[in-house]
Number of protein chains: 2
Amino acid sequence: MNRVSIKDIAHELGVSTATISLVLNGKDKDGRVGKEIAEKIRQKAREMNYEPNNLARGLRSGVSNTIGLIIADISNLFFANLAFHIQEQAEKLGYSVIITNTNESDLKMEKIINVLKNKSVDGFIIVPTEHGEPFIQNLVERNFPLVLVDRYFPKLKVSSVTVDNYNASKKAVRNLIERGCKKIGLIIYNNGLQHMLDRKKGYIDELESCGLYNPSLIKKVNYSFLLNDITIAIDGLLSIENQVDGIFFATNTLSMQGIKYLMNLNIKLHEELKVVCFDKSDAFDFMPVHIPYIQQPISEMGTDAVKLLVEQMKRQTNKITIKELQTSLIISD
Amino acid sequence: MNRVSIKDIAHELGVSTATISLVLNGKDKDGRVGKEIAEKIRQKAREMNYEPNNLARGLRSGVSNTIGLIIADISNLFFANLAFHIQEQAEKLGYSVIITNTNESDLKMEKIINVLKNKSVDGFIIVPTEHGEPFIQNLVERNFPLVLVDRYFPKLKVSSVTVDNYNASKKAVRNLIERGCKKIGLIIYNNGLQHMLDRKKGYIDELESCGLYNPSLIKKVNYSFLLNDITIAIDGLLSIENQVDGIFFATNTLSMQGIKYLMNLNIKLHEELKVVCFDKSDAFDFMPVHIPYIQQPISEMGTDAVKLLVEQMKRQTNKITIKELQTSLIISD
DNA sequence: ATTGGTTGATTAAACGTTTAATTACTTATC
DNA sequence: GATAAGTAATTAAACGTTTAATCAACCAAT
């Protein structure tokens with residue numbers, strides 16, 4: 001009652017395992033295997049419910065047709081959606097995906113990379129953690145097929161799919177300016193990841209271009225103390241010396257917690273204070289006013305990442321592709 | 001520059017691969033390998049950065065220390081969180097997890113089960129799709145380690161971890177009754193999954209116990225036409241002949257879309273109409289009133305599922321465990 | 001001096017594939 | 001009728017482990 005192997009079919013048909021393998025892998029054309037026997041093999045395989053053992057296959061051929069996906073926080077809807085699209089696209093191209101989660105921990109990322117390598121994934125799609133650069137560097141040096149997504153390290157020669165964070169940020173701030181804001185605060189994570197820096201840079205440049213930039217309106221939040229830090233950040237921005245009339249939230253988690261706190265404070269959004277968020281949240285639909293937000297092309301990010309990776313895995317190319325997708329500012333839907 | 005294997009270490013140390021394997025698997029006690037050589041092997045392995053090849057290991061030993069997790073909708077926060085906790089617990093116990101997503105498609109579920117079997121996972125944790133019973137049945141017959149989670153099939157002899165849907169539902173309805181509702185509607189999916197039926201049964205029984213049950217106040221929604229069906233359902237409940245004063249939403253997706261529509265209709269929640277939801281949503285924090293909801297012990301569901309599965313995989317037991325966890329009704333937090 | 005137990009190591013097969021190399025046969029070519 | 005070319009199959013090694021079986025050496029006890 002055990003799994004049926006190529007050997008069983010061979011035995012059943014009185015033919016060698018090599019022939020079976022050839023046929024079942026479609027290498028029976030170019031005059032390798034006779035038509036009748038090939039058909040008989042295919043028939044028998046179906047009949048016996050044969051399913052190839054991927055371990056054996058991977059061991060022998062060094063190819064597992066599996067992609068290792070490492071994301072930073074699976075309970076963040078953005079990443080969950082990203083994972084979804086990556087898996088869909090991978091399946092279309094004949095790959096399966098192992099989804100794993102670092103929970104933003106560098107240690108865990110290192111560990112996971114090793115686990116996945118031992119499982120012989122053919123390539124990685126990674127949303128890297130803050131101090132994960134050395135581990136990525138290591139993969140790059142070993143010439144491992146790899147695509148970074150959402151976040152990237154500018155110094156590394158590695159393909160990536162991100163959004164144009166800089167211009168997204170400019171767009172967001174521009175919107176606040178056009179709506180009449182004069183004192184615009186930024187709430188952003190204090191990590192050193194380049195996409196955060198890009199968002200900050202966009203904010204600064206756009207404000208500077210109209211002489212509205214004021215460094216003390218940038219408030220940084222520690223990811224691990226989100227709930228606490230965000231109240232401090234907002235209190236700071238609303239304080240007597242600052243009195244901002246607009247806030248740009250640089251991520252979806254910041255948006256959610258920030259707006260929650262603003263509502264607690266009974267701040268009238270839109271009237272007393274205008275906000276723009278990076279990334280969408282389901283909760284926007286339930287807020288008393290429409291919240292403008294930067295929409296990311298999640299589906300495209302996912303499919304592009306897979307496509308780039310597959311190219312690498314097939315060794316069709318070894319050039320680095322840096323893909324920067326454009327975002328849209330959604331005012332109301 | 002290739003991966004270092006057990007052979008390389010053996011060659012380096014002038015010793016057989018068997019010895020290496022023994023030592024590296026901790027089977028060098030009971031007088032199998034000398035102390036000095038064992039230490040030398042461990043030393044060298046570390047030095048050469050040896051990492052075992054799990055394909056070879058799995059092929060030879062038939063054990064992969066990998067759990068296949070099949071969930072129904074990864075972009076649903078409930079499942080994403082569940083996946084998170086399952087992965088955490090699995091890691092603690094020395095297993096890695098392959099997360100996959102059926103998107104509620106029966107076909108996909110069948111396909112994924114096969115893919116994972118070919119990757120030789122040692123066991124499954126599955127959130128089954130509506131018509132997935134035969135595939136689960138098949139796994140059960142083959143005596144495959146398996147735990148269902150969130151949903152279950154009462155006819156199958158298979159371990160599962162779910163919540164006590166029946167009593168959760170009763171609790172929810174009881175709350176509406178206590179808040180003075182006389183005409184309480186139910187909005188629920190029209191699938192035949194047992195946990196849905198349980199929720200419906202709880203609703204019916206609780207209402208019948210106080211003579212308030214009216215079958216026409218149950219509105220069913222098709223998952224694939226959620227957006228459309230939910231408006232019809234709500235319109236029906238609010239119509240002149242029904243005029244409900246309370247609604248129980250049987251899932252988080254139904255809650256979200258339902259409440260969204262109610263707000264569009266400018267229904268005053270709490271005053272004109274009271275609601276209770278099954279499962280929590282981040283969006284509740286942003287609603288004008290507190291939404292009471294049934295809180296599920298997601299973390300516990302995840303860890304329990306892993307524990308049950310690991311017991312099975314280790315063949316410590318072959319008895320079926322049906323675990324039904326209790327929920328809490330959260331009025332306000 | 002034979003037997004038997006310990007300790008410490010090796011040998012070789014096995015897991016299920018893939019694939020380069022080989023063989024054997026048939027047919028076509030000059 | 002010898003050679004080449006094509007067709008159709010097989011053989012056997014290899015991938016990196018694990019593990020049962022075996023062997024070798026030493027020592028103790030009869």
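Source: prediction; values computed, not measured. Just so we're on the same page: letters track the sequence lines, and every chain starts at 1. Heavy-atom basis, side chains included; hydrogens, waters and symmetry copies ignored.
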**Q** Expressed as a whole number of angstroms, how long is the span from A:R3:CZ to C:dG16:C1'?
**A**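 Interatomic distance, CZ of A:R3 to C1' of C:dG16: 10 Å.
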**Q** Starting from the 5' end of DNA chain D, give me the residue, A:T17 or A:G34, whose nearest nucleotide shows up first.
**A**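 The residue whose closest nucleotide sits nearer the 5' end is A:G34.
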**Q** Looking at A:R57, I'd like to know whether one of its side-chain N or O atoms comes within less than 4.0 Å of OP1 or OP2 on C:dT18.
**A**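 Yes, because at least one side-chain N or O of A:R57 sits under 4.0 Å from OP1 or OP2 of C:dT18.
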**Q** Taking only N and O in the side chain of A:S16, is any of them less than 4.0 Å away from OP1 or OP2 of D:dT11?
**A**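 No, because none of the side-chain N or O atoms of A:S16 sits under 4.0 Å from OP1 or OP2 of D:dT11.
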**Q** Want to settle it: does B:L55 or A:A18 sit nearer the 5' end of DNA chain D, counting the closest nucleotide to each?
**A**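 Final value for this comparison: A:A18.
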**Q** Please evaluate the base of C:dT17 for a donor-acceptor partner in the side chain of A:R60 within a cut-off of under 3.5 Å?
**A**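 Looking at the base of C:dT17, it does not pair with any donor or acceptor on the side chain of A:R60 (distance under 3.5 Å).
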**Q** Which of these nucleotides, C:dA9, C:dT19, C:dT17, is closest to any side-chain atom of A:I6?
**A**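 Of the candidates, C:dT17 comes closest.
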**Q** Could you tell me the separation between the CD1 atom of A:I20 and the P atom of C:dT19, rounded to a whole number of Å?
**A**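 One finds 16 Å between P of C:dT19 and CD1 of A:I20, rounded.
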**Q** Quick one: pull up CD1 in B:I99 and OG1 in A:T100 and give me the separation to the nearest 0.5 Å.
**A**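 Going from CD1 on B:I99 over to OG1 on A:T100, the span is 7.5 Å.
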**Q** Starting from the 5' end of DNA chain C, give me the residue, B:L59 or B:L22, whose nearest nucleotide shows up first.
**A**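 Taking each residue's closest nucleotide, the earlier one in sequence belongs to B:L22.
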**Q** Using only heavy-atom distances, determine whether the side chains of A:E51 and B:N118 contain a donor-acceptor pair under 3.5 Å.
**A**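 Per modelled atom types, A:E51 and B:N118 side chains form a pair under 3.5 Å.
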**Q** For B:I41 and C:dA9, what is the distance between atoms CD1 and C1' respectively, to the nearest whole Å?
**A**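 Distance check: B:I41 CD1 to C:dA9 C1' gives 10 Å.
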**Q** Identify whether any heavy atom of B:I37 sits under 4.0 Å from a base atom; if not, whether one sits that close to sugar-phosphate; answer base, sugar-phosphate or nothing.
**A**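 Contact class for B:I37: sugar-phosphate only.
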**Q** Between atom NE2 in B:H11 and atom P in D:dG16, what is the gap in whole Å?
**A**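 For the pair B:H11 NE2 and D:dG16 P, the rounded distance is 15 Å.
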**Q** Considering only D:dT17, C:dT18, D:dT18, which nucleotide approaches the side chain of B:A56 most closely?
**A**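 So the nucleotide nearest the side chain must be D:dT17.
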**Q** Does any non-hydrogen side-chain atom of A:N25 lie less than 4.5 Å from one of A:R57?
**A**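 The answer is yes; the side chains approach within 4.5 Å.
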**Q** Rounded to whole Å, please give me the gap between CD in A:E36 and P in D:dA8.
**A**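 To the nearest whole Å, that distance equals 8 Å.
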**Q** Mind checking if A:S5 touches a base, just sugar-phosphate, or nothing, with heavy atoms under 4.0 Å?
**A**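 A:S5: backbone/sugar contact only, no base atoms under 4.0 Å.
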**Q** Round to the nearest Å and state the distance from B:N65 atom CG to D:dT18 atom C1'.
**A**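 It is 14 Å, rounded to the nearest whole Å.
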**Q** Quick one: is D:dT19 close enough that its OP1 or OP2 comes under 4.0 Å of any side-chain N or O from B:S61?
**A**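 No.
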**Q** Please state how far atom NZ in B:K35 lies from atom P in C:dG8, giving the value in whole angstrom units.
**A**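 Interatomic distance, NZ of B:K35 to P of C:dG8: 10 Å.
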**Q** Under 4.0 Å between a side-chain N or O of A:K7 and OP1 or OP2 of C:dC15?
**A**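 Yes, within the criterion.
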**Q** What's the closest nucleotide to the side chain of A:N53 if the choices are C:dT17, C:dT18, D:dT11?
**A**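 Nucleotide nearest to A:N53's side chain: C:dT17.
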**Q** Taking the side chain as every heavy atom from C-beta outward, state whether A:I136 and A:L156 have any pair of such atoms under 4.5 Å apart.
**A**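 A side-chain contact under 4.5 Å exists here.
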**Q** Are the side chains of B:M313 and B:I67 in touch, meaning some heavy atoms are under 4.5 Å apart?
**A**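 Yes. Closest side-chain heavy atoms under 4.5 Å.
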**Q** For B:N54 and D:dT17, is the shortest distance between a side-chain N/O and OP1 or OP2 below 4.0 Å?
**A**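 For D:dT17, OP1/OP2 do not have a side-chain N/O of B:N54 under 4.0 Å.
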**Q** Whole Å only: how far is the NZ atom of A:K40 from the C1' atom of D:dA9?
**A**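 Taking atom C1' of D:dA9 as the reference, NZ of A:K40 is at 14 Å.
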**Q** Given the rule in the side chain to side chain donor-acceptor pair (under 3.5 Å) test, do A:E39 and A:Q43 qualify, once you have shown the distances and angles that lead to the verdict?
**A** CA-CA 6 Å; A:E39 197 39 58; A:Q43 170 63 31; over 6 Å; no
